[in-house]
A.B. asks: 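The structure is given below, and queries will be raised subsequently.
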Protein chains: 2
Amino acid sequence: MSTQHPFAAPELGKVPCSGCRLRALCLPANLSNWELAQLDALVNAQRPVARGQSLFRAGDRFDSLYAVRTGFFKTCATAEDGREQVTGFQMPGDLLGLAALDAGRHAVDAVALEDAQVCVIPFDSLEAPSPGAHVLQRQLLKAMSRLIVRDHGVMLLLGSMRAGQRLAAFLLNLAQRLQALGYSGSALVLRMTREEIGSYLGMKEETVSRTFTGLQEQGLLEVRQRELRILDVAGLQRRASGDVG
Amino acid sequence: MSTQHPFAAPELGKVPCSGCRLRALCLPANLSNWELAQLDALVNAQRPVARGQSLFRAGDRFDSLYAVRTGFFKTCATAEDGREQVTGFQMPGDLLGLAALDAGRHAVDAVALEDAQVCVIPFDSLEAPSPGAHVLQRQLLKAMSRLIVRDHGVMLLLGSMRAGQRLAAFLLNLAQRLQALGYSGSALVLRMTREEIGSYLGMKEETVSRTFTGLQEQGLLEVRQRELRILDVAGLQRRASGDVG
DNA sequence: CGCGAGCTTGATGCCGATCAATGCATGTGG
DNA sequence: CCACATGCATTGATCGGCATCAAGCTCGCG
């Protein structure tokens, strides 16, 4: 149902949080062993999502949260008039579905930008007043708080930065998050199209393209299609802070 | 009766949530009597904040959440380079400090736009695994989820709307929230300056002013200084959806 | 090989930023 | 009570960044 390979089971075997490579970056961050065990009991098995597939869509009934285990997602909000906007990009360790807790229905579409696997956290886990639920709730509160802070950063970016600053800030943030996952902080592959970047940053794909070219001509980075190499982090940071135009 | 008077006490007497006018709109929303009692035990007394004063500042240690009881607030995020941006306006029933849960330090400044009173919810309440904490956490998760959804709306607005649409959408939202509080949905007083509106909407105060004038000339509203009257809700809605330029 | 999705580059025009001046309301001190 | 200062709001003139429209270009894939 979820993948293009007909033989793929809807759920794969479970890897416990306690043994997960992402343990320090995901929900289990900073938990004691006992707390970790409580959490482990609430997280269901993994589920694959093929590139281009939706994990959920806006309006879907909310019955579980998801943590990205492998792969890359985008979330899209849709206005009543049909305008769409990318509201975030999620990589391993990030949570999906947090905006749905209030209304009981998902508020955005979550689409895999490459073949991915997510961990499933049933909504029921949150309801019962078990010790595990308490741990989970506390971690979720932190995760949501973090998301709010990040969104405020995006609002700042959208409200008061020029195209060059926006793209520079975006790339720095992306590189930093990838580095936290153990990847190189300077050489990376863009999982999303120019249009998706533009949607996230409030600019048109043509402008994204031109801005890439501009940053490249200034020697700050090297970009060829989806492959990106950051040559001058400090320069990019200055650029993001509005140094130049 | 606000902090500018030297004799004002730092805390006033407590009004229990169960007897609060805002009960249905604030943290106690949709709670059973038993749950309400649990919550009541966690909320401290009220605290006054005078117009222009900060309830907290970015970087302050986070030791309690606040619920607006009376008055009007704005929250401001500050970038490293000093740029400031209003990230939200809070009215009675809204919570303040949600962005601080993750880092343990406040991420924004919260400033009273008029003399105000807030209810204090000590952070400790969240930590202990008491039944009250469980109730509080569940309500907080919902409130944060709601904030995330609202922020996504603002991102959409900032990323893909023209000045006229932004202002129209903002005013409709403001009027709707005020109406939910029992005020008129069509006649209202703007608690914030043009500059603050502009900061929130990603435009300059001159543009806000011109846009007000434009909407007025189209007969959609009437504005004189801070006093605003919405004359044509449907027209404003069309305007917000990008009907006109 | 040829198609199509995605990316780049160019030409033009418009929206909103910017600079600058005036108007209006409130408050303060003489 | 008036004169003046101050903060906020409006209006005008000009300019620049980005959207828009319109071709080409690149690359992966059937």
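Proteins get letters first, then strands, A, B, ... in listed order; numbering begins at 1 in each.
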A.B. asks: Please state how far atom CG in B/L215 lies from atom P in D/dT10, giving the value in whole angstrom units.
C.D. replies: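 The answer, rounded to whole Å, is 12 Å.
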A.B. asks: Applying ring pair (Phe, Tyr, Trp, His ring centres under 6.0 Å), which residue pairs with at least one partner in residues 197-230 of chain A are found, sequence neighbours left out?
C.D. replies: A/F89-A/Y200, A/F170-A/Y200
A.B. asks: Report all interatomic pairs (protein N or O, nucleotide N or O of nucleotides 28-30 of chain D) with separations under 3.5 Å.
C.D. replies:
none

A.B. asks: Calculate the interatomic distance between A/Q165 atom CD and D/dC18 atom C1'; express it in whole Å.
C.D. replies: 14 Å
A.B. asks: I want to check something: taking the side chain as every heavy atom from C-beta on, are A/L221 and A/L171 in contact at a cut-off of under 4.5 Å?
C.D. replies: yes
A.B. asks: Tell me the interatomic distance from B/E222, atom CD, to D/dT10, atom P, rounded to whole angstroms.
C.D. replies: 13 Å
A.B. asks: Can you check whether A/V49 reaches A/Q117 side chain to side chain, under 4.5 Å on heavy atoms?
C.D. replies: no
A.B. asks: Does CD belonging to B/E227 count more than 12 external heavy atoms closer than 6.0 Å?
C.D. replies: no
A.B. asks: With a 4.0 Å cut-off on heavy atoms, is A/G214 in touch with a base, just the backbone sugar-phosphate, or nothing at all?
C.D. replies: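 No contact.
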A.B. asks: What distance separates B/F72 CZ from B/L190 CG, expressed to the nearest 0.5 Å?
C.D. replies: 8.5 Å
A.B. asks: Provide the full list of salt bridge (charged side-chain N to carboxylate O under 4.0 Å, His left out) pairs with a residue in residues 144-154 of chain B, sequence neighbours left out, each pair given once.
C.D. replies: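 Checked against salt bridge (charged side-chain N to carboxylate O under 4.0 Å, His left out) - neighbours excluded - the pairs reaching residues 144-154 of chain B are A/D102-B/R146.
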A.B. asks: When you compare the side chain of A/V111 with that of A/S54, does any pair of heavy atoms fall below 4.5 Å?
C.D. replies: yes
A.B. asks: Determine the sole option in A/V68, A/L27, A/L147, A/L65 for which the side-chain contact (heavy atoms from CB on, under 4.5 Å) test with A/L95 is passed.
C.D. replies: A/L27
A.B. asks: Could you tell me how far apart B/L190 (CG) and D/dC8 (C1') are, to the nearest whole angstrom?
C.D. replies: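 Computing the B/L190:CG to D/dC8:C1' distance gives 13 Å.
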A.B. asks: Have a look at the helix from C/dC1-D/dG30 to C/dG30-D/dC1 and give the angle its two end axes make, five pairs each, rounded to 10 degrees.
C.D. replies: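 Roughly 30°, once rounded to the nearest ten degrees.
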A.B. asks: Starting at atom CZ of B/R162, determine the distance to atom P of D/dT20, rounded to an integer number of angstrom.
C.D. replies: 6 Å
A.B. asks: Counting C-beta onward and ignoring hydrogens, is there a side-chain heavy-atom pair between A/Y66 and A/I121 closer than 4.5 Å?
C.D. replies: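 They are not in contact (no side-chain heavy atoms under 4.5 Å apart), so the answer is no.
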A.B. asks: Under 4.0 Å between any heavy atoms, over every strand shown, what does B/G198 touch: base, sugar-phosphate, or nothing? Just pick one.
C.D. replies: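 Counting heavy atoms under 4.0 Å across all strands, no contact is made by B/G198.
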A.B. asks: Indicate for each nucleotide in nucleotides 3-11 of chain C, in 5' to 3' sequence, whether protein heavy atoms under 4.0 Å reach the base (B), only the sugar-phosphate (S), or nothing (-).
C.D. replies: ---SSBBBB
A.B. asks: Figure out the CE/P separation between A/M203 and D/dT20, and round it to whole Å.
C.D. replies: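 Distance check: A/M203 CE to D/dT20 P gives 13 Å.
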A.B. asks: How close or far is atom C1' of D/dT11 from atom NZ of B/K204, stated in whole angstroms?
C.D. replies: 18 Å
A.B. asks: Which pairs with one or both residues in residues 191-209 of chain A pass salt bridge (charged side-chain N to carboxylate O under 4.0 Å, His left out), sequence neighbours excluded?
C.D. replies: A/K74-A/E196, A/E114-A/R191
A.B. asks: Would you call A/D232-A/R239 a salt bridge at under 4.0 Å N-O?
C.D. replies: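 Judged by the 4.0 Å cut-off on N to carboxylate O distance, A/D232 and A/R239 do not form a salt bridge.
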